[in-house]
Amino acid sequence: MRTGITLYFTRHGETDWNKALRYQGQHDVPLNETGRNQARRNAAALAALVAEPARLDYVASPLGRTRETMEIVREALGLPRAGYRTDDRLLELNYGVWQGQLAADLPQTDPAGVAWRSRDPAHWRAAGGESYVELTARVIEWLASIDRDTVIAAHAGIGRVIEGHVRGLEAARVPSLAVPHDRLMVVCHDRVEWV
């Protein structure tokens, strides 16, 4: 990330699949009411930090849960709901055949995949999906493209990669980073703070 730029990251609010611990990945699952309230909370946190919200760039993953989160944020800031763009590089990690599966079922349905993920979380990839190493490449490419202070609404995987990259963490640590729905991550080129 370029020096002098601040990135404000919000994970989309909760969905019913999040609540059930069901892998969403790139499936388009809508927010639930708790998720909408979390988006409002993050909008209030952002409003307290930014004096001139209209001067920021706004980018979301193209999935509905992130777009709705962004629209709630923009509305709370007094901006038009639709005044943002989407970028495919901010899509969640593609979990392949794990998408739609309950986390609790995976030790029975894919024990080899669960074991691989435990051994090598950065390189593990569900059949038809992508690894965190691959996700990191597309997110870092996106980070290099931003040229002004930016608000993004994206996913847990994106937040993990951004935090891990900025903090210089080993790739194996990135997939286990916590990315809450109800906190805003403020990122500079050498610093990460959750508010």
Side-chain angles (χ1 to χ4, degrees), residues 1-15 17-18 23-29 35 38-39 42 45-46 56-70 73-74 84-96 98-99 116-117 120-195:
M1 224 170 90
R2 298 178 195 182
T3 303
I5 291 176
T6 302
L7 180 67
Y8 302 93
F9 168 89
T10 182
R11 181 181 180 186
H12 62 79
E14 182 187 79
T15 71
W17 281 26
N18 290 132
Y23 280 86
Q24 293 176 119
Q26 296 182 0
H27 275 303
D28 211 351
V29 182
Q38 290 165 334
N42 290 343
L46 180 61
L56 303 176
D57 193 14
Y58 293 82
V59 188
S61 157
L63 295 179
R65 60 190 181 268
T66 49
R67 290 194 332 265
E68 184 177 4
T69 297
M70 179 62 82
V73 167
R74 287 182 56 83
Y84 66 96
R85 58 194 170 85
T86 62
D87 194 307
D88 288 347
R89 293 173 292 184
L90 297 178
L91 280 165
E92 178 60 294
L93 180 78
N94 183 339
Y95 282 102
W98 281 28
Q99 293 183 158
W116 179 15
R117 188 176 188 190
D120 189 1
H123 294 94
W124 164 83
R125 175 191 307 111
E130 68 183 324
S131 69
Y132 261 91
V133 169
E134 292 164 324
L135 176 65
T136 298
R138 68 174 156 92
V139 172
I140 288 174
E141 177 187 308
W142 180 81
L143 281 172
S145 75
I146 62 174
D147 58 4
R148 62 183 170 131
D149 292 355
T150 301
V151 176
I152 67 168
H155 307 273
I158 305 300
R160 288 181 186 115
V161 166
I162 291 170
E163 182 174 359
H165 178 66
V166 170
R167 292 178 54 206
L169 299 179
E170 293 177 11
R173 291 185 56 198
V174 170
S176 63
L177 292 173
V179 182
H181 294 280
D182 61 351
R183 301 282 301 280
L184 184 72
M185 182 170 61
V186 182
V187 183
C188 297
H189 78 281
D190 62 351
R191 181 175 51 87
V192 172
E193 179 184 3
W194 287 93
V195 295

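Worth knowing before you read on, the calculation uses all heavy atoms, side chains too, and leaves out hydrogens, waters and symmetry mates.
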Minimal non-hydrogen separation, Ala172 against Pro121, with atom names: O-CG, 3.5 Å

Residues forming a salt bridge (charged side-chain N to carboxylate O under 4.0 Å, His left out) with Glu68, sequence neighbours excluded: Arg36

Expected output: side-chain Arg138 to main-chain Arg89 donor-acceptor under 3.5 Å: yes

Min side-chain heavy-atom separation Thr6-Val187 under 4.5 Å: no

Arg11 side chain vs Val179 backbone, donor-acceptor pair below 3.5 Å: yes

Test item: Thr136 side-chain N/O and Val161 main-chain N/O as donor-acceptor pair under 3.5 Å: no

Donor-acceptor contact below 3.5 Å, side chain Arg2 vs main chain Ala144: yes

Non-neighbouring partners of Tyr95 that pass ring pair (Phe, Tyr, Trp, His ring centres under 6.0 Å), sequence neighbours left out: Tyr23

Student check: side-chain heavy atoms of Asp57 and Ile146 closer than 4.5 Å: no

All pairs passing salt bridge (charged side-chain N to carboxylate O under 4.0 Å, His left out) where residues 158-172 contributes a residue, at least two apart: Glu163-Arg167

Set of ring pair (Phe, Tyr, Trp, His ring centres under 6.0 Å) partners for His165, sequence neighbours left out: none

Point-to-point distance, once rounded to the nearest 0.5 Å, from CG of Leu135 to CD of Glu130: 5.5 Å

Nearest-0.5 Å distance, CD1 of residue Ile140 to OG of residue Ser145: 12.5 Å

Main-chain N/O of Trp124 paired to Arg117 side chain as donor or acceptor, under 3.5 Å: no

Main-chain N/O of Gln26 paired with Glu92 side-chain donor or acceptor, under 3.5 Å: no

Spacing of Leu7 atom CG and His189 atom NE2 [to the nearest 0.5 Å]: 14.0 Å

Distance-minimising heavy-atom pair for Tyr132 and Gly157: OH-CA, 3.6 Å

Distance in Å, Leu93 CG paired with Gln99 CD, rounded so as to fall on 0.5 Å steps: 8.0 Å

Residue pair Val73, Leu46: steps toward the side-chain contact (heavy atoms from CB on, under 4.5 Å) verdict: CA-CA 8 Å; Val73 167; Leu46 180 61; 3.9 Å; yes

Listed partners of Trp142 passing ring pair (Phe, Tyr, Trp, His ring centres under 6.0 Å), at least two apart: none

Val192 vs Val186 side-chain heavy atoms within contact, under 4.5 Å: no

Intermediate values then yes/no, ring-ring contact (aromatic ring centres under 6.0 Å, His included), His123 and Trp116: CA-CA 9 Å; His123 294 94; Trp116 179 15; 9.0 Å; no

Criterion side chain to side chain contact (heavy atoms under 4.5 Å, CB included) against Val151, the qualifying member of Tyr84, Phe9, Tyr58: Tyr58

Polar side chain donor-acceptor pair, Thr15 to Gln24, under 3.5 angstrom: yes

Side chain to side chain, Thr66 and Leu90, heavy atoms closer than 4.5 Å: no

Test item: Thr69 side-chain N/O and His12 main-chain N/O as donor-acceptor pair under 3.5 Å: no

Steps toward side-chain contact (heavy atoms from CB on, under 4.5 Å) verdict (Ile152, Ile162): CA-CA 11 Å; Ile152 67 168; Ile162 291 170; 3.8 Å; yes

Shortest non-hydrogen contact between Ser131 and Ala122, atoms and distance: CB-O, 3.6 Å

Where at least one partner belongs to residues 175-190, residue pairs that pass salt bridge (charged side-chain N to carboxylate O under 4.0 Å, His left out), sequence neighbours excluded: none

Leu177/Leu169 under side-chain contact (heavy atoms from CB on, under 4.5 Å): CA gap, chis, key distance, verdict: CA-CA 10 Å; Leu177 292 173; Leu169 299 179; 3.9 Å; yes

Separation between CG of Asp87 and OG of Ser61, rounded to the nearest 0.5 Å: 9.0 Å

Point-to-point distance, once rounded to the nearest 0.5 Å, from OH of Tyr8 to CG of Asn42: 14.0 Å

Stepwise side-chain contact (heavy atoms from CB on, under 4.5 Å) check, Arg67 with Thr86: CA-CA 8 Å; Arg67 290 194 332 265; Thr86 62; 4.0 Å; yes

